[in-house]
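Input: a single structure, listed below in structure tokens.
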Amino acid sequence: MTDTAAFPLGVTLPGDDFSQCGTGECRVTLLPTLYRLNESISTATDLAGPLGLVLEVMQRDLKMDRGTVTLLDRRTGRISIHDSFGLTEEEENRGIYSLGEGITGKVVESGTPIIVPRLHEDPDFLDRTGAHSGERGQKTAYLCVPIRLGGRVLGTIGGERRYLSRRLLKQDAEFLAAIALMIAPAVELHLIASVERLALEQENRALKHALKEKFHPQSIIGNSKAMMADVYELIEKVAKTRVTVLILGESGVGKELVASAIHYGSDRAEKPFIKFNCAAIPENLAESQLFGHEKGAFTGAMAQHKGHFEQAHGGTIFLDEVGELSSTVQAKLLRVLQDRSIERIGGRGPIRIDVRIIAATNRDLAQMVAEGTFREDLFYRLNVLPMTVPPLRQRGSDVILLADHFVASKSRAYGKDVKRISTPALNMLMSYHWPGNVRELENVIERAVILSDDDVIHAWNLPPSLQAPTADSAGRSVGLDEKLGSIECELIVDALKASNGNVAAAAEALGLTRRVLGIRLQRHGIDFHDFRTARRHPEASAG
């Protein structure tokens with residue numbers, strides 16, 4: 001049983017004064033130590049110095065065999081050993097407790113000291129560290145006092161040794177309690193700083209992991225031959241290198257997404273990924289944004305500014321619409337590619353940088369070189385490994401995959417329950433030429449989700465630009481019978497999709513008998529088994 005009643009702290013026993021040295025170990029000599037500890041706490045910049053001194057005093061002056069300082073993580077309720085002596089690193093790592101668990105957990109939970117005259121006989125002794133294996137029967141006492149600040153318990157100080165005098169045991173407990181009061185403010189500051197730092201580190205790791213998953217090549221939607229051969233394979237190959245990449249393609253095809261996939265698939269994934277749109281910044285600001293400037297370099301330069309290249313040191317910079325750069329900035333970019341150094345505006349010398357450059361454009365840079373609007377030497381430096389992202393009209397079935405994905409994501413965003421796209425609407429999406437590519441498709445689906453009144457996107461939910469006259473593949477006008485047959489087929493397909501291939505349910509929805517529906521399935525060559533597996537919406541970013 002824990003014997004706290006026998007040695008209550010703060011109650012004076014006869015001959016209990018520190019000046020009484022009949023015990024053979026005089027504690028009055030420790031008073032200067034309190035002053036030294038207070039001085040250490042007031043000048044320390046972290047907790048290591050004060051705690052080191054506390055443990056040194058416990059081991060050297062109090063002649064304790066083992067000592068620990070534990071700290072409480074309030075977010076998890078976990079109490080762990082922060083520093084110790086007399087324990088191996090492995091034993092220290094095992095010293096983890098919950099509130100109310102063991103002697104340490106009870107001290108933290110109650111906020112009161114516990115003195116155990118016979119540690120190995122106490123039922124609350126867990127030996128969580130494993131340091132006491134084979135020591136059963138020893139007459140070791142254990143002292144554990146809370147580190148408190150106001151009404152909050154921050155951790156504990158604990159120590160153990162053999163005591164021949166209960167007076168000395170009580171004196172040492174009071175001495176540890178005094179030390180705990182002194183170091184409490186420093187412990188509080190340490191916990192605040194540690195919790196904030198840990199939270200930021202965890203958030204940073206989570207964000208990086210999310211970005212890496214989002215921009216991994218496998219998460220770019222599309223299984224068309226154009227994407228598999230021309231994009232995915234190249235991403236996997238170039239991501240492992242440091243070569244400069246030039247991404248070509250029409251506006252809206254997903255060049256930025258490809259650049260992100262290259263970065264997050266490389267060994268620079270944990271380093272910065274800086275994006276810069278060369279067409280979005282005025283010419284007079286682009287140089288400062290990219291290369292930085294010194295204080296006073298020009299009017300309004302009130303402080304030193306590190307440009308995007310310096311910010312991306314160790315990582316990757318993505319220069320979108322690189323064909324829009326002015327001749328001045330083109331010249332400085334060429335120097336970066338040649339010398340791997342930059343010079344701030346108003347700077348006095350070059351600054352070495354380690355940055356991978358990925359550029360992108362929807363313009364014909366070779367034609368611009370011929371016209372004299374883009375530097376030829378810069379073009380060849382950027383064009384080391386060109387990669388062309390195909391337009392959406394060349395990606396065939398990717399239109400349906402992307403449309404399904406956007407239906408799912410926009411439905412969540414607007415709190416709707418749109419589950420699918422009707423067959424007529426799918427035919428319209430497939431026959432459209434998509435001059436705005438994936439970006440235009442996303443906007444079209446977003447509009448359709450907003451306008452949808454049920455769980456289906458219908459042809460009339462699509463914009464007028466997609467409402468083309470009905471014709472067959474040869475351009476021949478379709479007659480009335482063919483139009484009616486096509487509409488009947490589409491209605492049957494929609495009903496089978498909605499019922500997951502259940503013929504009886506589809507017949508009921510269409511107002512037909514199962515026999516009549518079976519005849520019409522044969523007429524149109526529709527196999528209801530094809531609709532037994534519900535379409536799944538890919539949970540990934542568009543390519």
Side-chain angles (χ1 to χ4, degrees), residues 215 217 220 230-231 234-266 268-269 271-283 285-292 307-342 353-391 437-439 543:
F215 293 117
I220 301 177
D230 298 339
V231 179
L234 275 176
I235 288 176
E236 294 288 354
K237 290 178 181 178
V238 304
K240 300 172 184 177
T241 70
R242 305 179 69 177
V243 67
T244 299
V245 179
L246 178 63
I247 304 174
L248 305 171
E250 298 177 6
S251 178
V253 294
K255 296 187 291 294
E256 182 180 326
L257 189 62
V258 172
S260 299
I262 294 172
H263 170 74
Y264 288 105
S266 72
R268 297 172 177 257
K271 299 297 183 179
F273 177 61
I274 304 296
K275 295 174 283 189
F276 181 76
N277 190 324
C278 304
I281 304 295
E283 179 182 340
L285 294 179
E287 187 176 0
S288 173
Q289 288 292 308
L290 283 172
F291 307 106
H308 290 325
F309 275 101
E310 283 188 82
Q311 295 172 30
H313 182 70
T316 304
I317 188 167
F318 173 55
L319 303 177
D320 198 9
E321 303 300 343
V322 71
E324 307 299 326
L325 289 176
S326 67
S327 57
T328 301
V329 179
Q330 287 180 35
K332 297 196 73 170
L333 177 58
L334 178 63
R335 179 178 178 181
V336 174
L337 287 163
Q338 290 175 334
D339 303 335
R340 296 295 169 180
S341 66
I342 58 106
I353 57 168
D354 174 22
V355 176
R356 180 180 194 168
I357 298 175
I358 301 177
T361 183
N362 60 2
R363 302 184 64 178
D364 187 343
L365 292 187
Q367 181 63 32
M368 293 179 66
V369 169
E371 296 171 352
T373 55
F374 197 85
R375 292 182 64 110
E376 183 177 16
D377 45 5
L378 177 58
F379 170 67
Y380 289 119
R381 286 282 184 176
L382 291 174
N383 200 41
V384 177
L385 203 156
M387 176 187 298
T388 301
V389 182
N437 293 292
V438 180
R439 188 180 297 120

Interatomic distance, CZ@Arg242 vs OG1@Thr316, rounded to 0.5 Å, equals 10.0 Å

Glu250 side-chain N/O to Pro391 backbone N/O, donor-acceptor pair under 3.5 Å: no

*asked:* Tell me if a side-chain donor or acceptor on Arg268 pairs with a main-chain N or O of Gly314 at a distance below 3.5 Å.
replied: yes

Original post:
Would you say the side chain of Leu319 lies within less than 4.5 Å of the side chain of Leu290, judging by non-hydrogen atoms?
Top reply: yes

Correct closest heavy-atom pair for Ala312 and Val355 would be O-CG2, 3.6 Å

Distance col, row Thr328:OG1 vs Leu333:CG, nearest 0.5 angstrom, shows 12.5 Å

Nearest heavy-atom approach of Gly323 to Met368 is O-CE, 3.3 Å

- prompt: Going through the checks in order, is the side-chain contact (heavy atoms from CB on, under 4.5 Å) test met by Leu257 and Val438?
  reply: CA-CA 11 Å; Leu257 189 62; Val438 180; over 6 Å; no

Between the CD1 atom in Ile342 and the CZ atom in Phe309, the distance rounded to the nearest 0.5 Å is 8.5 Å

*Going by heavy atoms in the side chains, are Leu234 and Leu385 under 4.5 Å from each other?*
yes

(Q) Under the criterion side-chain contact (heavy atoms from CB on, under 4.5 Å), I'd like the reasoning laid out for Leu382 against Val322: C-alpha separation, chi angles, the key distance, then a yes or no. (A) CA-CA 10 Å; Leu382 291 174; Val322 71; 4.1 Å; yes

Margin query: Show, in sequence, the C-alpha distance, side-chain angles and deciding distance for Leu325 and Phe374, and conclude whether the side-chain contact (heavy atoms from CB on, under 4.5 Å) test is met.
Written below: CA-CA 9 Å; Leu325 289 176; Phe374 197 85; 5.5 Å; no

For Pro272 and Gln311, the nearest pair of non-hydrogen atoms, with its separation, is CG-O, 3.4 Å

Value for OG1 (Thr244) from CZ (Arg381), rounded to nearest 0.5 Å, stands at 9.0 Å

Smallest heavy-atom separation, Gly252 atom then Asn437 atom, equals O-CB, 3.5 Å

Worked check of side-chain contact (heavy atoms from CB on, under 4.5 Å) between Tyr380 and Val369
CA-CA 10 Å; Tyr380 289 119; Val369 169; 5.9 Å; no

Strictly distance-based, threshold 3.5 Å: is any side-chain N or O of Ser288 a donor or acceptor partner for the main-chain N or O of Leu285? no

What one should report as the nearest heavy-atom pair of Ala286 and Val329 is CB-CG2, 4.4 Å

Paired with Asp354, the side-chain contact (heavy atoms from CB on, under 4.5 Å) test is passed by just one of His313, Arg340, Lys271, namely His313

- side chain to side chain donor-acceptor pair (under 3.5 Å) between Ser251 and Arg439: does it pass, once the steps are laid out? CA-CA 8 Å; Ser251 178; Arg439 188 180 297 120; 3.2 Å; yes

The reported gap from OG1 in Thr361 to CZ in Phe379 (rounded to nearest 0.5 angstrom) is 10.5 Å

Rounded to the nearest 0.5 Å, the CD1 atom of Ile262 sits from the CD1 atom of Ile358 at a distance of 4.5 Å

Sequence neighbours excluded, the answer for side-chain contact (heavy atoms from CB on, under 4.5 Å) partners of Asp320 is Lys255, Asn277, Phe318, Ala360

In short, Val238 meets Arg356 closest at the heavy-atom pair O-NH2, 2.8 Å

